[in-house]
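Working notes for the structure below.
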Amino acid sequence: MTEANSDIAEYSLRLGDDALILAQRLCEWCADAPLLEEDIAIANVGLDYIGRARMFLQYAGELTGSSEDELAYLRDSAEFRNLLMVELPRGDFAFSMVRQYLLDEYESLFFAGLKQSKDANLAGIAEKTLKEVHYHLRRSREWMRRLALGTEESHRRSQDAIDELWGYVAEFFESDEVEERLVGLGIAVERRDLEQAWRASVGELAAKTGLMVPDDDLRQTGGRSGVHTEHLGHLLAEMQFVQRSYPGLKW
Amino acid sequence: MSDAGEMSEATDLTDQERRFEEKIAAEERIEPKDWVPDAYRKNLVRQMSQHAHSEVIGMQPEGNWLTRAPTLERKQVLLAKIQDEAGHGLYLYSATETLGVTREELIEALHEGRAKYASIFNYPSLTWADIGAIGWLVDGAAIVNQISLQRTSYGPYARAMVRICKEESFHQRQGYQIMVTLAQGSDEQKQMAQDALNRWWWPSLMMFGPHDAESAHSAQSTLWKIKRMGNDEGRQKFVDQTVPQADIISLEIPDPDLRWNEERQHYDFGEIDWDEFMQVISGNGPCNRQRLGQHRKAHNDGVWVREAMAAYAARERDAEGEGES
Ligand SMILES: [Fe+2]
Ligand SMILES: [Fe+2]
Ligand SMILES: [Fe+2]
């Protein structure tokens, strides 16, 4: 495999892992949402993420000779490449919604960039994904307003969630050698360039809803190189249970 | 109408009652704007809300395997299936609300034990094969019932059933597909599939309710054409369509009395354990407390979210009002 191809496989794996791990967290809301309409909406978003995970993992697998399921079910924690934010436990509804919002703002910028990728497969997945992200973002912005402007309790819970999540934002905009090489080839998105626009959007919504943007002292990173939180191992234990208990079978 | 006896009997009815009875007799749909006897309304609220609650509570045993689905494709299909069920719950709550009750009241009745849901969901889903068995058997049995309800006399209920039936056959197929895969798999997988069939078979037959002669609400519901099929008739249909499907994948139906009856052109099958049936109905099944407890917990955890929604909506309305003035 050429260096470019192995970089592309790694890149696709990272994006697949982001989607897969968040999908898993969204699945945890099944039959636990605050109202039936939200059970349906969360499932909708979850389905988009599972679909996205499959596309990216299939592409990574094509380049490395594995199946999507081998990638999802047979790697251990250190081999996962997702952003740390998506693996955090789902928390209360405010935590899940604020996380979704912060990610949606990021993804709307990221996939608009990836749509321009010189790699046709990545560009194709990005184009499909971007449509979904626009819908997700419309929904999460609406929820941010509801929660931040709703009641004292919902405001407090939203603020707590932002405070908790903010330390994981730095990783959105952190690059490494793999990505730098792919940026040079016009394949990957230069994520550093997204930060200003992201901060502007989030800052604007915070200002309108009276939420405080936390300071940037805490910078938890490491997901892209396989250094995760304690939470990922538990998530994987659950997700991979059947495949690990009965190796090599068809399901 | 020339019959004297019929005339005198009819005069006992008010005009409203007569119009209602005529519509039922003529197979016309009753619509929300139509006058209905209070007992008809109550009977419908009971049945429709029970149906709605079943869709929603049914998400739990399947959701139990969502995070452990063995492939990404299975996870995706299962999530889509569960999402459909939530959608069915929503159509049915909305259809029930046309009878002048709110969803909040219906949920309160569920939590207080005044409303029921399908007892089948009080059984646990213990292995991945149970997800196959639930789709194959539970959705399979539900379809038989729901197809007949497409002709139910209350318009909003009938229309909800038409929508729901379109989605149900996918549910049954994805379940059977899981069973097919397991039945063709390793010995452990075959065992898993057989074990799931063993546990879900009888509860699936129970889904059709008691024998017609012993069914509390059947007679009146049938007269009003709310119910369009007998419990025993539905059960027989289900057995007849399911046994050959089990044969194809060499799984054994756990009933020593099951055999084809050439004369009747139906399968004969054994008697349901009605003690178990009564136990589960009256709240003592393996998961009754767990299911209701989970529903209550989600509802209570969501109070602050619904309050925030309401407060925000009120705020928006006020802002609009000011804008207009
Ligand atoms: Fe979607
Ligand atoms: Fe359903
Ligand atoms: Fe179904």
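To find a chain, count down the sequence lines: A is the first, B the second, and so on, and within it residues start at 1. Just so it is clear, the structure is predicted and the values come from calculations on it, not from any experiment.
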> Using non-hydrogen atoms only, which part of F93(A) is less than 4.5 Å away from chain B: side chain, backbone, both, or neither?
Replying inline: both
>> Taking side chain as everything from C-beta outward and backbone as N, CA, C, O, which of these in Q24(A) sits under 4.5 Å from a heavy atom of chain B? Side chain, backbone, both or neither.
In response: both
>> We want to know whether E238(A) and T67(B) form a side-chain donor-acceptor pair, criterion being a heavy-atom distance below 3.5 angstrom.
In response: yes
> Is it the side chain or the backbone of L182(B) that comes within 4.5 Å of chain A heavy atoms, both, or neither?
Replying inline: side chain
>> Taking every non-hydrogen pair under 4.5 Å, which of E307(B), R306(B), E62(B) racks up the most with chain A?
In response: R306(B)
>> Strictly distance-based, threshold 3.5 Å: is any side-chain N or O of T151(A) a donor or acceptor partner for the main-chain N or O of A308(B)?
In response: no
> Do you know which of K250(A), E152(A), R157(A), Q240(A) has the most heavy-atom pairs under 4.5 Å to chain B?
Replying inline: R157(A)
> At a heavy-atom separation under 4.5 Å, does I82(B) approach chain A through its side chain, its backbone, both, or neither?
Replying inline: side chain
> Who among V242(A), I40(A), L147(A) has the most heavy-atom pairs with chain B under 4.5 Å?
Replying inline: I40(A)
>> Is E188(B) in contact with chain A via its backbone, its side chain, both, or neither, using a 4.5 Å heavy-atom distance?
In response: side chain
> Between G51(A), P34(A), C30(A), which has the largest tally of heavy atom pairs under 4.5 Å with chain B?
Replying inline: P34(A)
>> Given heavy-atom pairs under 4.5 angstrom as the criterion, report whether the side chain, backbone, both or neither of L57(A) touches chain B.
In response: side chain
> Between D69(A) and chain B, which part of the residue has a heavy atom less than 4.5 Å away: side chain, backbone, both or neither?
Replying inline: side chain
>> Please check: side-chain N/O of K81(B) versus main-chain N/O of Q174(B), any donor-acceptor pairing under 3.5 Å?
In response: no
> Checking heavy atoms, do the side chain of L20(A), its backbone, both or neither come under 4.5 Å from chain B?
Replying inline: side chain
>> Given heavy-atom pairs under 4.5 angstrom as the criterion, report whether the side chain, backbone, both or neither of R145(A) touches chain B.
In response: both
> Relative to Y49(A), does R52(A) satisfy both conditions: NZ or CZ under 6.0 angstrom from the six-membered ring centre, and within 45 degrees of the ring's axis?
Replying inline: yes
> Contact part of A23(A) toward chain B, heavy-atom cut-off under 4.5 Å: side chain, backbone, both or neither?
Replying inline: neither
> Regarding R75(A) and the six-membered ring of F80(A), is the cationic atom NZ or CZ under 6.0 Å from the ring centre and inside 45° of its axis?
Replying inline: yes
>> If you count heavy-atom pairs within less than 4.5 Å of chain A, which of Q189(B), K297(B), R68(B), E85(B) leads?
In response: Q189(B)
> Which of the residues D84(B), I107(B), L66(B), D301(B) is involved in the greatest number of heavy-atom pairs with chain A at under 4.5 angstrom?
Replying inline: L66(B)
> Do the numbers put R199(B) on top of the ring of Y123(B), so that NZ or CZ is under 6.0 Å from the six-membered ring centre and no more than 45° off the axis?
Replying inline: no
